[in-house]
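Worth knowing before you read on, the calculation uses all heavy atoms, side chains too, and leaves out hydrogens, waters and symmetry mates.
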Amino acid sequence: MLTLKLIGIAVILLACWQFYAVRKSFLNLKNNANQGTSVFIGFALWSGLFFGIILLVVGLGILFSWF
């Protein structure tokens, strides 16, 4: 039981790190984008955000035993 709660907290912390990385990448893109920037960066940011949401839901599910 304790190990599941620790795993849930670890997954939630990983989700927070993912949100931070997406935000940092977005701000970097906003300040430094030019003609050489890939047109697929928007998809990369959205998929990173989506992955963070999935990690958050899974972490909360593990922490509160929803699964």
Side-chain angles (χ1 to χ4, degrees):
M1 182 65 105
L2 180 63
T3 57
L4 282 178
K5 291 198 184 280
L6 289 175
I7 291 171
I9 290 171
V11 172
I12 290 172
L13 289 175
L14 191 61
C16 291
W17 178 80
Q18 182 67 30
F19 292 138
Y20 171 75
V22 168
R23 181 178 182 271
K24 186 176 173 184
S25 297
F26 175 74
L27 292 176
N28 186 26
L29 176 70
K30 187 175 163 182
N31 293 329
N32 300 323
N34 59 18
Q35 292 293 329
T37 305
S38 175
V39 296
F40 298 108
I41 192 69
F43 293 121
L45 291 173
W46 276 112
S47 59
L49 184 65
F50 184 68
F51 185 66
I53 291 169
I54 288 173
L55 284 175
L56 183 65
V57 169
V58 168
L60 289 173
I62 291 172
L63 190 63
F64 294 117
S65 300
W66 293 341
F67 302 117

Q | Same apolar cluster (I L V M F W Y, side chains within < 4.5 Å links), Phe50/Leu45 | A |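 No.
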
Q.
Is there a path of hydrophobic side-chain contacts, each under 4.5 Å between heavy atoms of I/L/V/M/F/W/Y residues, joining Leu2 to Leu4?
A. no

Tell me which donor-acceptor pairs under 3.5 Å the side chains of residues 56-67 have, and how far apart each pair is, sequence neighbours excluded?
none

Q: Please name all residues satisfying ring pair (Phe, Tyr, Trp, His ring centres under 6.0 Å) with Phe40, sequence neighbours left out, ordered by chain then number.
A: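 Partners of Phe40 by the ring pair (Phe, Tyr, Trp, His ring centres under 6.0 Å) criterion come out as none, since no residue qualifies.
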
Pair up each side-chain donor or acceptor in residues 21-31 with any protein partner under 3.5 Å, not counting sequence neighbours, and list the distances.
| from | atom 1 | to | atom 2 | distance (Å) |
| --- | --- | --- | --- | --- |
| Ser25 | OG | Ala21 | O | 2.9 |
| Asn28 | OD1 | Asn32 | ND2 | 2.5 |
| Asn31 | ND2 | Leu27 | O | 3.2 |

Q. Counting only N and O atoms by type, is there a donor-acceptor contact under 3.5 Å from the side chain of Thr37 to the main-chain atoms of Ala33?
A.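 Here the side-chain-to-backbone pair does not exist.
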
(Q) Test your reading of the model: is there a side-chain donor-acceptor pair from Gln18 to the backbone of Leu49, 3.5 Å cut-off? (A) no

Q.
For Leu55, give me all partners under side-chain contact (heavy atoms from CB on, under 4.5 Å), at least two apart in sequence or on another chain.
A.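 By the side-chain contact (heavy atoms from CB on, under 4.5 Å) rule, Leu55 matches Val11, Leu14, Ala15, Phe51.
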
